[in-house]
There are 2 protein chains.
Amino acid sequence: MSIRRILEALSSNDYRVTWQRWAVAAHIALKGDQLFTVEELYQSLKAHYPDIGLTTVYRTLDLLVDLGVITRVHGDDGVARYGMRVPGVTCAVQLRCEVCGDTRPLEIEQLQPLLQAAAAEAEMLLTSCEVRLDGICSRCRRERVSLGGAAPGTR
Amino acid sequence: MSIRRILEALSSNDYRVTWQRWAVAAHIALKGDQLFTVEELYQSLKAHYPDIGLTTVYRTLDLLVDLGVITRVHGDDGVARYGMRVPGVTCAVQLRCEVCGDTRPLEIEQLQPLLQAAAAEAEMLLTSCEVRLDGICSRCRRERVSLGGAAPGTR
DNA sequence: GTTGTTGCAAACTGTTTGCATAGTA
DNA sequence: TACTATGCAAACAGTTTGCAACAAC
């Protein structure tokens, strides 16, 4: 269960487990694989713990993001959404140059929660994902291709 | 060249081409495939057109997003970033259930600019991309698998 | 007892809106 | 001319911060 993972992440990093943090952890776990806004979490928390403060929720979520147990994305509306980070699901991004064929892995921080949210919306429980980006790397662009289009600085 | 595409999108949709909109279009084109914040664009605009207003920049960008010529993403900081939408590059997302094998396409609005930004940061000129999401669809979950983990509503 | 944590209120930042003025088609 | 677009200032929403009171270890 995920609430334990959160609490362990806290205590094993020498953070104190207050009842507020416990409550936040519990309610995050309740959300399952669903993303939630701070306001949503705060409302559902306040229903059970009227004394909890909004600031604490913000701070706890920040902390958990730093600890790597949850992730943060910003939706179209610019509002932050959080969700449990599923450890099993990794989004492997492959960056491949279609000229020289050079392929290398790439880390995109925001990608996993975005895909996870999209999958959740389609009622799909995500287990793995794979992204392949094809393009032309800088070296090949310099060596072979004249860029075309607008050249910044040309005005 | 992209500035023409922007201006045509405006006039063909019965929007007036003011000098402000022209200026915004020109400076968007200058940014190339780079994402930019409103503030960045505004600063570079103000250098050439001191009389332009921040509100107008916001409104023009909103308009261009609606018209589909540029896209908006929100970075880690929650600040909106805009960029030309490259018409040739489409991000095909395939959603596949690994139990029943059912595969269907999925549209993820925010995905393209995100990948494009990541590619740009790696100095890669993106030409195409492909995303495959594997998971378990809702039907298969109901029929075969007992969910495991936290069941929302169980408390 | 010490040090980290909380909650309030106030500050902040990016974005949106109301309204009178100016400019386009 | 008719009606859209602009710019200012003020409102707004989400998030962050300072600080005194409090609680975990």
Side-chain angles (χ1 to χ4, degrees), chain A residues 6-27 35-67 70-83, chain B residues 6-28 35-67 70-83 110:
Chain A
I6 302 178
L7 298 178
E8 267 169 18
L10 283 172
S11 54
S12 68
N13 283 80
D14 285 330
Y15 290 105
R16 296 181 180 169
V17 179
T18 61
W19 66 263
Q20 290 95 333
R21 286 177 176 171
W22 192 95
V24 169
H27 279 247
L35 292 190
F36 52 86
T37 65
V38 173
E39 195 57 30
E40 284 162 9
L41 186 67
Y42 179 55
Q43 290 309 330
S44 93
L45 274 166
K46 238 186 12 184
H48 297 265
Y49 313 89
D51 289 342
I52 203 164
L54 180 57
T55 313
T56 301
V57 178
Y58 271 107
R59 282 195 278 231
T60 305
L61 289 175
D62 275 0
L63 182 57
L64 294 179
V65 168
D66 282 349
L67 291 177
I70 63 174
T71 40
R72 189 202 338 255
V73 246
H74 292 269
D76 303 35
D77 50 3
V79 180
R81 273 155 226 278
Y82 299 80
Chain B
I6 302 178
L7 298 177
E8 266 169 18
L10 283 172
S11 54
S12 68
N13 283 81
D14 286 330
Y15 290 105
R16 298 183 179 166
V17 179
T18 61
W19 67 263
Q20 290 95 333
R21 285 176 177 171
W22 191 96
V24 169
H27 278 247
I28 290 176
L35 293 190
F36 52 86
T37 64
V38 172
E39 195 56 30
E40 284 163 9
L41 186 68
Y42 180 55
Q43 291 307 331
S44 93
L45 274 166
K46 239 186 10 184
H48 298 265
Y49 313 90
D51 289 342
I52 202 164
L54 180 58
T55 313
T56 302
V57 178
Y58 271 106
R59 281 195 277 231
T60 305
L61 289 175
D62 276 0
L63 182 57
L64 294 179
V65 168
D66 283 348
L67 291 177
I70 63 175
T71 42
R72 189 205 336 257
V73 246
H74 291 269
D76 303 34
D77 51 3
V79 179
R81 274 153 226 279
Y82 299 81
Q110 295 233 289

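We name chains A, B, ... by the order of the sequence lines, and we start the count at 1 in each one. Given the structure is predicted, the values throughout are model-derived calculations rather than measurements.
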How far apart are the closest heavy atoms of B:S11 and B:V17, and which atoms are they?
CB-CG2, 4.2 Å

Gap between atoms CH2 and P, on A:W22 and C:dT6 respectively (whole Å)
15 Å

As a test of reading the structure: which of C:dG7, D:dG7, D:dA24 is closest to the side chain of B:I52, going by heavy atoms?
D:dG7

Euclidean distance, A:F36 CZ relative to A:Y42 OH, rounded to 0.5 Å:
15.5 Å

Numerically ordered, the residues 56-66 of chain A set in heavy-atom contact under 4.0 Å with DNA chain C is A:T56, A:R59

Expressed as a whole number of angstroms, how long is the span from A:D77:CG to D:dG14:P?
9 Å

Please round to the nearest 0.5 Å and tell me the distance separating atom CH2 of A:W22 and atom CD1 of A:I6.
11.0 Å

Determine the minimum heavy-atom distance between B:A9 and B:L67, stating which atoms define it.
O-CD1, 3.8 Å

Would you say B:R21's side chain and B:R16's backbone share a donor-acceptor pair under 3.5 angstrom?
yes

Closest nucleotide among D:dC8, C:dC8, C:dT15 to the A:T55 side chain
C:dC8

DNA chain C: 5'-proximal contact among B:W19 and B:G78 (nearest heavy atom)
B:G78

Please report, rounded to the nearest Å, how far the C1' atom of D:dT15 is from the CG atom of A:L41.
15 Å

Whole angstrom is fine here: how far is it from CD in A:Q20 over to P in C:dC8?
11 Å

Residues from residues 6-17 of chain A sitting under 4.0 Å of DNA chain C, heavy atoms only?
A:Y15, A:R16

Would you say B:L54 and B:V38 make side-chain contact, with heavy atoms under 4.5 Å?
yes

Just by modelled atom types, is the B:Y15 backbone N or O under 3.5 Å from a matching donor or acceptor in the B:N13 side chain?
no

A:Y82 OH to D:dG14 P, in whole Å, measures 13 Å

Of A:L54 and A:R21, whose nearest nucleotide on DNA chain C comes first from the 5' end?
A:R21

Grab the CD-P distance between B:E40 and C:dT13 for me, whole Å please.
16 Å

Whole angstrom value for the distance that separates C1' of D:dT15 from CG of B:D76
15 Å

Below 4.0 Å: OP1/OP2 of C:dT6 and any side-chain N or O of A:T18
yes

Closest heavy-atom pair and its distance - A:H74, B:G75
CD2-O, 3.1 Å

Could you state the atom-to-atom distance from NE2 of A:H74 to C1' of C:dG14 in whole Å?
12 Å

Interatomic distance, A:W19 atom CH2 to A:D51 atom CG [nearest 0.5 angstrom]
5.5 Å

